[in-house]
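All remarks here apply to the structure that follows.
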Amino acid sequence: MSKRTSARPLTIGAIVAVGVLAVGAPAQAETEVPEPSSFTSAFTVMATPDQVINTDGVATPGQEGATGTFTFRINSELDVICYDITLKGVSGDYQSPAKTATHIHQAQAGKAGPPRIAFPNPSPIGDGPRTSSGCLQGPFTTGVMANGADTGTGFTLAQIEADPSAFAADSHTVTSPAGVVRGQLTSVPV
């Protein structure tokens with residue numbers, strides 16, 4: 001695995017917007033951060049349309065011919081997850097009740113479950129592969145409310161390390177709202 005760190009310029013407008021958010025609303029969760037120097041675990045996901053499950057737990061195949069590769073590197077001590085996501089053969093816009101349409105769900109194979117982390121959607125929308133990469137630090141939010149709380153509330157990356165088979169990654173589109181592709185996390189060497 002290669003070490004990748006990216007810096008994004010911060011404009012004056014962004015500083016003002018952050019200042020307004022800090023004063024007018026609670027602190028926002030998950031922060032984009034540089035890649036840490038070490039990881040406590042790593043996972044891969046080979047996502048396909050035939051693994052998609054709707055919220056009622058019913059198999060609901062996604063877009064035929066689509067595939068997704070998700071690579072996650074975790075430093076659970078810092079609560080940082082780094083991601084490299086590639087979607088191929090996906091068409092149309094993203095759609096999800098969450099703040100993005102690309103997630104890790106707490107869900108066993110063949111079962112539905114709540115999103116715990118929302119990732120930036122891979123881009124560009126159009127022909128060709130869609131990609132997204134970076135690192136996020138918790139606490140995490142998804143924008144999905146259940147029992148009066150965001151489904152990311154209280155979630156930590158140590159939960160993935162404790163039982164990776166209990167988690168799946170997916171992405172959702174307008175034509176495949178249950179999921180365009182989905183797959184279970186599998187441990188790989190760090």
Does any donor atom in the side chain of Ser123 or Asn121 lie under 3.5 Å from an acceptor atom in the other side chain? no

Any donor-acceptor pair under 3.5 Å linking the side chain of Gln184 with the backbone of Ala166? no

For residues Phe39 and Asn75, report the shortest heavy-atom separation together with the two atoms involved. CD2-N, 4.0 Å

Taking the side chain as everything from C-beta on, heavy atoms only, tell me whether Val90 gets closer than 4.5 Å to Thr173. yes

Should Ile117 and Leu87 be counted in the same cluster of Ile, Leu, Val, Met, Phe, Trp and Tyr side chains packed under 4.5 Å apart? yes

Whether the side chain of Thr31 engages the backbone of Val33 through a donor-acceptor N/O pair (distance < 3.5 Å, no angle test) should be reported. no

Residue of the set Thr71, Ile81, Ile74 for which side-chain contact (heavy atoms from CB on, under 4.5 Å) holds with Phe43: Ile74

Less than 6.0 angstrom separating the ring centers of Phe119 and Phe72, yes or no? yes

Is any side-chain heavy atom of Val144 less than 4.5 Å from a side-chain heavy atom of Pro114? no

With distance as the sole test, does His172 use its side chain to make a donor-acceptor pair with the main-chain N or O of Gln95 at under 3.5 Å? no

With a 4.0 Å cut-off, would you call Asp84 and Arg73 a salt bridge? yes

Atom of Pro49, atom of Ala66 and distance for their closest heavy-atom approach: CD-O, 3.1 Å

Heavy-atom pair with the smallest gap, counting every atom of Ser96 and His103: OG-CE1, 3.4 Å

Donor-acceptor pair, side chain of Asp56 and main chain of Val58, under 3.5 angstrom: no

Given 3.5 Å as the limit, does a donor-acceptor pair link the side chain of Asp170 with the main chain of Val181, or not? no

Decide whether a cation-pi geometry holds between Arg130 and Tyr94; the criteria are a distance under 6.0 Å from NZ or CZ to the six-membered ring centre and an angle within 45° of the ring axis. yes

Under 3.5 Å: donor-acceptor pair, side chain of Thr153, backbone of Asp150: yes

After noting the C-alpha distance and the side-chain angles of Val45 and Thr69, does the key distance pass the side chain to side chain contact (heavy atoms under 4.5 Å, CB included) rule? CA-CA 6 Å; Val45 175; Thr69 304; over 6 Å; no

Look only at the side chain of Thr100 and the backbone of Pro120, and say whether a donor-acceptor pair between them is shorter than 3.5 Å. no

Would you say Val52 and Val180 are hydrophobically clustered, going by side-chain heavy atoms of ILVMFWY under 4.5 Å? no

Are Thr40 and Ser76 linked by a side-chain donor-acceptor pair shorter than 3.5 Å? yes

So, for Pro189 and Ala42, which heavy atoms are closest and what is the spacing to 0.1 Å? O-CB, 4.0 Å

Could you tell me whether a side-chain N or O of Gln137 sits under 3.5 Å from a main-chain N or O of Leu78, the two making a donor and an acceptor? yes

Does any N or O in the side chain of His105 come within less than 3.5 Å of the main-chain N or O of Gly113, such that one atom is a donor and the other an acceptor? yes

Taking only residues at least two apart or on different chains, which pairs with a member in residues 144-190 satisfy disulfide bond (SG atoms under 2.5 Å apart)? none

Residues pairing under disulfide bond (SG atoms under 2.5 Å apart) where one sits in residues 70-123, two or more places apart or in two chains, turn out to be Cys82-Cys135

Does a side chain donor of either Glu161 or Ser41 reach within less than 3.5 Å of an acceptor in the other side chain? yes

Between Gln63 and Ser91, is there a side-chain heavy-atom distance shorter than 4.5 Å? yes

Is a donor from one side chain sitting under 3.5 angstrom from an acceptor on the other, for Thr142 and Thr151? yes

Contact between Asp163 and Gln108 at the side-chain level, heavy atoms closer than 4.5 Å - yes or no? yes

So Phe140 and Asp79, do their side chains get closer than 4.5 Å, heavy atoms only? yes

Minimal non-hydrogen separation, Ser132 against Pro122, with atom names: CB-CA, 3.7 Å

Return the minimal non-hydrogen interatomic distance between Gly110 and Arg182, and the atom names on each side. N-NH2, 3.9 Å

Find out if a path of hydrophobic residues (ILVMFWY) with successive side-chain heavy-atom gaps under 4.5 Å connects Leu185 to Ile53. no

Would you say that Ile104 contacts Phe70 through its side chain, given a criterion of any heavy-atom pair below 4.5 Å between the two side chains? no

